[in-house]
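By convention in this document, chain letters (A, B, ...) are assigned in the order of the sequence lines, proteins followed by strands, and residues within each chain are numbered from 1.
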Protein chains: 2
Amino acid sequence: MLSKKTKYGIKALVHLARQEDRMPVQISTISKSENISQKFLESILLTLKKNGLLGSKKGKGGGYYLLKNPKEIPMTTVMRLLEGPIAMVPCVSLNFYEKCADCPDEDTCAVNKIMLKVRDNTLEIFRNTSLADLSNSKVTL
Amino acid sequence: MLSKKTKYGIKALVHLARQEDRMPVQISTISKSENISQKFLESILLTLKKNGLLGSKKGKGGGYYLLKNPKEIPMTTVMRLLEGPIAMVPCVSLNFYEKCADCPDEDTCAVNKIMLKVRDNTLEIFRNTSLADLSNSKVTL
DNA sequence: TATTATCCTAGTAAGTCTATAGGATAATAG
DNA sequence: CTATTATCCTATAGACTTACTAGGATAATA
């Protein structure tokens with residue numbers, strides 16, 4: 001299950017991607033529009049900024065804005081940043097790999113195999129879906 | 001990420017599926033063979049039993065055994081039982097559906113759309129993979 | 001200088017995860 | 001019958017994570 005942080009983060013990013021002029025949007029605006037607790041959203045946007053997805057401007061007329069074209073932001077990036085690993089087990093994760101303590105041999109591990117397959121599928125979807133795709137509400141993914 | 005409960009549960013089921021005669025296998029045997037805490041495994045096997053996947057026998061020569069042919073146990077069943085929903089958000093879950101509190105309209109929700117696609121893909125893999133598939137270590141899934 | 005809005009650290013209540021404890025129950029062996 | 005074996009069952013505890021909230025510092029604008 002996705003954490004709320006991830007869900008809210010994606011929603012906020014989509015909101016910003018729909019802002020065609022890249023003018024700053026205030027936290028409070030997104031918060032109201034997407035029904036997200038403002039303080040919580042604040043912390044989420046901050047991490048998105050620290051990780052290079054968003055820019056910000058302080059003071060009146062300030063807010064957050066996307067730094068790149070939504071087409072150039074794949075969901076893999078968003079998911080890894082907000083949720084962490086895309087894989088269901090660390091031993092099949094590309095970016096967050098960890099050996100399982102209980103498993104002597106990954107090559108013969110049944111869990112490893114099926115979860116690798118699931119990861120490959122999920123990964124391909126996220127790779128081929130950009131923020132721009134999510135933002136266009138009329139297009140069926 | 002999969003919980004350890006799910007991971008251990010799958011491993012135990014695979015262990016039992018590999019037991020070709022359907023003779024009872026003791027918790028301690030599985031526990032040692034799969035490097036799982038015995039007490040924890042005990043509680044996992046108990047829930048698998050309560051949910052109709054396993055049978056058990058008490059006393060000497062007792063243990064747990066599969067009630068069905070591994071070919072007839074799809075991973076969807078196993079996953080839902082141990083991990084819960086297969087979907088990443090409740091609003092696209094078939095068996096654990098819940099409306100999102102923050103989302104006024106699922107049809108126009110970007111998160112809903114992509115997570116539906118991911119669920120469809122993952123679901124198909126789990127549907128088409130049985131315990132028997134996982135048990136045969138030589139076959140590539 | 002007043003106002004606005006992000007920046008930043010810290011904390012907290014509630015829930016979940018990963019077990020463990022300890023005894024009750026049932027089956028078998030002798 | 002009784003000792004042994006192994007599951008059954010409830011309860012609990014410590015560690016961790018989640019979903020926020022508090023409160024002030026900083027910077028930009030008017």
Side-chain angles (χ1 to χ4, degrees), chain A residues 1-12 16 23-67 82-85 88-90 96 98 100-102, chain B residues 1-12 16 23-32 34-67 81-85 88-90 96 98 100-102:
Chain A
M1 285 273 137
L2 281 196
S3 65
K4 302 242 172 184
K5 178 183 161 197
T6 303
K7 193 175 139 200
Y8 294 163
I10 296 173
K11 282 189 157 192
L16 291 173
M23 296 291 285
V25 181
Q26 291 170 36
I27 297 173
S28 64
T29 306
I30 304 176
S31 153
K32 278 168 203 153
S33 162
E34 308 292 340
N35 298 308
I36 305 170
S37 144
Q38 182 164 340
K39 269 291 187 183
F40 192 24
L41 182 58
E42 192 184 313
S43 70
I44 296 168
L45 294 180
L46 208 53
T47 73
L48 289 173
K49 189 208 158 171
K50 283 185 180 168
N51 286 280
L53 277 190
L54 299 181
S56 67
K57 207 189 154 194
K58 287 183 180 176
K60 188 152 197 174
Y64 286 93
Y65 50 92
L66 280 181
L67 282 176
L82 290 166
E83 188 72 7
M88 284 187 168
V89 275
F96 300 84
E98 264 178 67
C100 297
D102 58 293
Chain B
M1 286 273 137
L2 282 195
S3 65
K4 302 241 173 184
K5 178 183 161 196
T6 303
K7 193 174 139 202
Y8 294 163
I10 296 172
K11 282 187 156 192
L16 291 173
M23 294 294 282
V25 181
Q26 290 171 37
I27 297 172
S28 64
T29 305
I30 304 176
S31 155
K32 277 167 205 155
E34 308 292 339
N35 298 307
I36 305 169
S37 144
Q38 181 163 341
K39 269 292 187 182
F40 192 24
L41 182 59
E42 191 184 315
S43 70
I44 296 168
L45 294 180
L46 207 52
T47 72
L48 289 173
K49 188 207 159 172
K50 283 185 179 164
N51 285 279
L53 276 189
L54 299 181
S56 67
K57 207 189 156 194
K58 287 184 181 176
K60 189 153 196 172
Y64 286 93
Y65 50 91
L66 279 181
L67 283 175
L81 222 151
L82 290 167
E83 188 72 8
M88 283 186 169
V89 275
F96 300 83
E98 265 179 66
C100 296
D102 57 292

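Whole-Å rounding puts the N35(B) CG to dT18(C) P distance at 17 Å. In this structure, M1(A) atom CE and dT17(D) atom C1' are separated by 17 Å, rounded to whole Å. Between the P atom of dT25(C) and the CD atom of E42(B) lies a distance of 16 Å, rounded to the nearest Å. In this structure, I44(A) places its CD1 atom 14 Å from P of dC7(C), rounding to the nearest Å. Nucleotide dC7(C) holds its C1' atom 14 Å from the CG atom of L54(A), rounded to whole Å. Taking atom NZ on K4(A) and atom C1' on dT21(D), their separation rounds to 16 Å, with Å as the unit. Rounded to a whole Å, the NZ atom of K5(B) is 16 Å from the P atom of dT20(C). Whole-Å rounding puts the Q38(A) CD to dT21(D) P distance at 11 Å.
K50(B) comes within 4.0 angstrom of the backbone, heavy atoms only, and of no base. Nucleic acid contact class of K39(A) (heavy atoms, under 4.0 Å, all strands): base. In this structure, L45(B) reaches neither bases nor backbone, as no heavy-atom distance under 4.0 Å exists between it and the strands shown.
Interatomic distance, CD of Q26(B) versus OG of S56(B), reported as 12.5 Å (0.5 Å rounding). For the atom pair CG of L45(A) and OG of S31(A), the computed distance is 10.0 Å after rounding to the nearest 0.5 Å. Taking CD from E34(B) and OH from Y8(B), the interatomic distance works out to 11.0 Å, rounded to the nearest 0.5 Å.
Distances from the side chain of F40(A) to the nucleotides dT21(D), dT7(D), dT29(D) place dT21(D) closest. Among the nucleotides dC7(C), dC9(D), dT21(D), the one closest to any side-chain atom of Y64(A) is dC7(C). Across dC7(C), dA19(C), dT7(D), the shortest atom-to-atom separation from the side chain of S56(A) is found for dC7(C). Distance from the side chain of Q26(A) is smallest for dA5(C) among the nucleotides dT29(D), dA5(C), dA26(C). Each of dT7(D), dC7(C), dA19(D) was ranked by its minimum atom distance to the side chain of S3(A); first place goes to dA19(D).
With both pairing distances under 3.5 Å, dA24(C) is matched to dT7(D) as a Watson-Crick or G-U wobble pair.
Residue S37(A) places at least one side-chain N or O under 4.0 Å from the OP1 or OP2 atom of dT21(D). Taking 4.0 angstrom as the limit, Y8(A) places none of its side-chain polar atoms (N or O) nearer than this to OP1 or OP2 of dA19(D).
Both K60(A) and L46(A) lie close to DNA chain C; mapped to their nearest nucleotides by heavy-atom distance, the more 5′-ward contact belongs to K60(A). For G61(A) and K49(B), each mapped to the nucleotide of DNA chain D holding its nearest heavy atom, the one lying further toward the 5' end belongs to K49(B).
Checked against I27(A) for a side chain to side chain contact (heavy atoms under 4.5 Å, CB included), the options L41(A), I36(A), L46(A) give a single hit: L41(A).
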- prompt: Under the side-chain contact (heavy atoms from CB on, under 4.5 Å) criterion, do L82(B) and L2(B) qualify, and how do the steps go?
  reply: CA-CA 10 Å; L82(B) 290 167; L2(B) 282 195; over 6 Å; no
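Salt-bridge formation is not detected for the pair D102(A)/K4(B): no Lys NZ or Arg NE/NH1/NH2 atom is positioned less than 4.0 Å from an Asp or Glu carboxylate oxygen.
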